[in-house]
Structures are given as C-alpha cells and as structure tokens.
There are 2 protein chains.
Amino acid sequence: MSTTAEQAVGPDRKGAATRAAILDHAVDLASVEGLEGLTIGRLAADLKMSKSGLFAHFGSKQDLQLATVAAAAERFRAVVVEPALAAPRGAPRLRAMVEGYFDHIELYSGGCFWGATSAEYDDRPGPVRDAIAAALDAWLAALAGNARDAGVADPDRFAFEVYAVVMAANARFRLSGDRRVFDYARDVLARLTAELPA
Amino acid sequence: MSTTAEQAVGPDRKGAATRAAILDHAVDLASVEGLEGLTIGRLAADLKMSKSGLFAHFGSKQDLQLATVAAAAERFRAVVVEPALAAPRGAPRLRAMVEGYFDHIELYSGGCFWGATSAEYDDRPGPVRDAIAAALDAWLAALAGNARDAGVADPDRFAFEVYAVVMAANARFRLSGDRRVFDYARDVLARLTAELPA
DNA sequence: CCTACCGATCGGTAGG
DNA sequence: CCTACCGATCGGTAGG
C-alpha cells in the first residue's frame, strides 16, 4: 500500500492546513487594514487562490471575521501569555507579559491586532464585537489575576493601568515612531509594583 | 431694494453652511464607522442630498477625509482644550482638560473621533494619516505644556501617561460599559500631580 | 478547489 | 445642487 506524503496527510488535513494558512494571513491583514478592510478578494489574491475557493472555507464574511478573531486570540495567547507563565507568579510574570506584548508587536509588523480592531467594532453590535470584547476581557483578567497574586490591593484598577500604557505605547509608536513610550510603559509597571508586599 | 433672508445670506454663505453641516455629520459618522466607513453615499443619504451634490463640495474622497479631520480637530479644540483655559495653569487646567475629554465623549454618542480613526490610519501613509498624527501630537503637546507649567519633571512622560489612561478609559467604556475606568483615569492624574511643587 | 456569474455599492464624471 | 451615468470591487451563488 503506497502512502505518498499527500495521501498520508489526507484531504481533511490538507483542507485544515489551507484554512490555517488563510487565517494566519487574515490576522496579519486585519492588523493593518482592520476587519472591514479584510476583503475576501484581497485575501484570495495574496494567497493566489480564487475568491470562491477561499470563500468555501467559510460560510460568510462574518464567519471569516469570527475565525480571524479566534486565530488572533490563539496567537496572542501563544506569543504573549503562555511564555510568561515560565516566570514566577506576581510581579515577574507581569513584567514578562508586558515584555511579551512588546515583543509581539515588533514580531508582527502590522502591530497589535486588538489595537487595530477593537475601536473599529465597539459601535457594531454582533458576534464579531462580542468575540473581540471577550478576548480583551481575557487579557485584562490575566493581568488582574497576576496583580492579585502579586498582592495588589485593587487588581482591576491595576490591570486597567497596565493595559492603558501598553496599548497606548503601541498606538503612539505606530503613529509617531517615538520609542520612548516603551520605557514609559515599563516604568509605570515598575512604579505600580515597587511597593508591593513580599 | 429687496433683501430676503436668502439674499442677505448670499450664495457663498449658504454653500459654506451646507459644507459645515456635511462636515459636522461627517465627524459624527467617522467617529462610529471610521474614515473608510465614511462613504459619500451614506453621508448624502443621511443629509438627504444627492451623492454628486455633496461630492461637489470636495474634490475627492481624500479631500472629504482631510476636511473631516480638520473639523474634528476644531471641535476637539473648542469642546476640550478651549474651555480648560478658564482654569488656572498647571494641575487645575490638566484636570479641566481630562474632565472636558470625558464630557465630550458623553456628548457625542459616537465616542472619541481620534480613538476611532488613529488606529485605522497608522498603517496608511498619506496626508490623512499625517493630519491625524498632527492633531494627536497637538493634544499631547497641550498636556505636556500644562504639565511643565505644573512643575512636572518629565512633561512628555507625564503627557503620555495621561493620554494613555484617558484614551483607554474611552476604549474600555465603549467595549465593556465599565464606568469605573473614568475614576481610574482621574485617580492616575491625581496621583501624578499629588506631590508637585507649589 | 475552479470559472463564471449576480445585484449592490464604491468613488468619481458628464452635463446641466 | 441635480439626473444619469461609468468601471471597479464588494459579498455571495451556481454548477462543476
């Protein structure tokens, strides 16, 4: 019985690989153009597929957008949150998350997917907005959980402040090119964790 | 010699008034849909004009976008920056600017124009991006100037932190509805100004 | 995964 | 400020 590479992979797996490649590029494209600017035609042209061939992987534009948000959330978890779990709980892990965030906006030249899409959808009720909101809530909850571990008195407030300076650093860097903002954000975290117990 | 109201106003003034009405709605629309979602057809339908009648006030879509950014900058100056000049220089004026910012995002239901458009254009080089960047630079410079008046050691850093929590409050409120973020932002400003000289 | 379409809407123009 | 258009592109479908 012959098993070529393609047979061993199988048609289902090949379809899944194509879908993953589409979504990987969709996250990059949406980080630059937004989720509305993410058009099926543009995506298909970039990937050298026909529009309908690409579209067959998704039932609708909205399904493509939802799958793109899910792929972006998974990427964020894998690149920013997961590696930080190697650092000790509390302040060191918070620093690791902030550094992971800065690394990931350097790694993906389109910048932060959430910075590009959250303002775009805050006025468009529906499942796409809900998925974006849930992903950002999860990021704030991760920050707050570690703040609690670090002995912070008001973890929600703390998480808001870290979120604010980190997202603002992304926004300001992209618009003005000023790199000082990364140190400003690091220093805010240092100040917020300076007088913690233990 | 008869002077009806329309004759007294004159054709130039009437054209200018129409243009101002278009731009006022354009700023509202772009605060919700972004500057790409701001389409000539949608704008004309809302204002019960023909597309070409509206388009005649501008030479191109880009000119409409640039005029909309200028109108938004003027509105921001009039509603947020100008009224704060009534407060004494330094910390009181900084508080007045932050409160003016919060008032203006309550006043215009679409939220902050700059929050909706700055991330949209940070990856699209051209005059529209440049105009947005200049307006945000002016806002940061206004904050930094007042910080300097208040005796802050590093005004640029200070301005970044205030900008960060104020924009993040807008973003979080629009996405999660959590009103605590406004007090978080106010408290950051209070903390930053608490130990200033004089 | 493809070719070949569809109606709707985009920015923009001609001519008045 | 209007009607009547234009080519291009949008999301989506038929049929294979």
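Chain A is the first sequence line, chain B the second, and so forth, proteins listed ahead of strands; every chain is numbered from 1. Values below: all heavy atoms of this structure, side chains included; hydrogens, waters and symmetry mates excluded. All values derive from a computational prediction rather than experimental measurement.
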(Q) Centroid separation under 6.0 Å, is that true for the rings of A/Phe113 and A/Phe76? (A) no
Q: Ignoring hydrogens and angles, tell me if any N or O in the side chain of A/Gln62 forms a donor-acceptor pair with the backbone of A/Val128 under 3.5 Å.
A: no
Q) Quick one: are B/Val79 and B/Asp103 in side-chain contact, heavy atoms under 4.5 Å? A) no
Q) Can you name the residues that form a salt bridge (charged side-chain N to carboxylate O under 4.0 Å, His left out) with B/Arg191, not counting sequence neighbours? A) A/Glu161
Q | Range-with-range stems of DNA chain C (Watson-Crick or G-U pairs under 3.5 Å, three or more in a row) | A | C:1-16 with D:1-16
(Q) So which atom in B/Ala169 and which in B/Phe102 form the shortest heavy-atom distance, rounded to 0.1 Å? (A) CB-CE2, 4.1 Å
(Q) Here's one to test your reading of the geometry: is the NZ or CZ of B/Arg124 within 45 degrees of the ring axis of B/Tyr121 and under 6.0 Å from its centre? (A) yes
Contacts under 3.5 angstrom, residues 130-150 of chain B side chains, donor-acceptor by atom type, not counting sequence neighbours:
from	atom 1	to	atom 2	distance (Å)
B/Asp137	OD1	A/Arg172	NH2	2.7
B/Asn146	ND2	B/Ala142	O	3.0
B/Asp149	OD2	B/Arg89	NH1	3.2

Q) Taking the six-membered ring of A/Phe160, is the NZ or CZ of A/Arg157 close enough (under 6.0 Å from the centre) and on axis enough (within 45°)? A) no
Q: Using the six-membered ring of B/Tyr108, assess whether NZ or CZ of B/Arg75 lies under 6.0 Å from its centre and within 45 degrees of the ring axis.
A: yes
Q. Between A/Leu35 and A/Gln65, what is the shortest heavy-atom contact and its length?
A. O-NE2, 3.0 Å
Q: Check each residue of residues 56-65 of chain B for a non-hydrogen atom within less than 4.0 Å of any atom in DNA chain C, then write out the ones that pass by number, or none.
A: B/Ser60, B/Lys61
**Q.** Range on DNA chain D touched by chain A, heavy atoms, distance below 4.0 Å
**A.** D/dC10 to D/dT13
Q: Using a cut-off of strictly less than 4.0 Å between a heavy atom of the residue and any atom of DNA chain C, enumerate the qualifying residues of residues 29-45 of chain A by number.
A: none
Q) Can you tell me if B/Lys61 uses its side chain to pair, donor with acceptor, with the backbone of B/Leu38 under 3.5 Å? A) yes
Q | Closest approach of B/Ala116 to A/Ala119 (non-hydrogen atoms, all atoms of both residues) | A | CA-CB, 4.3 Å
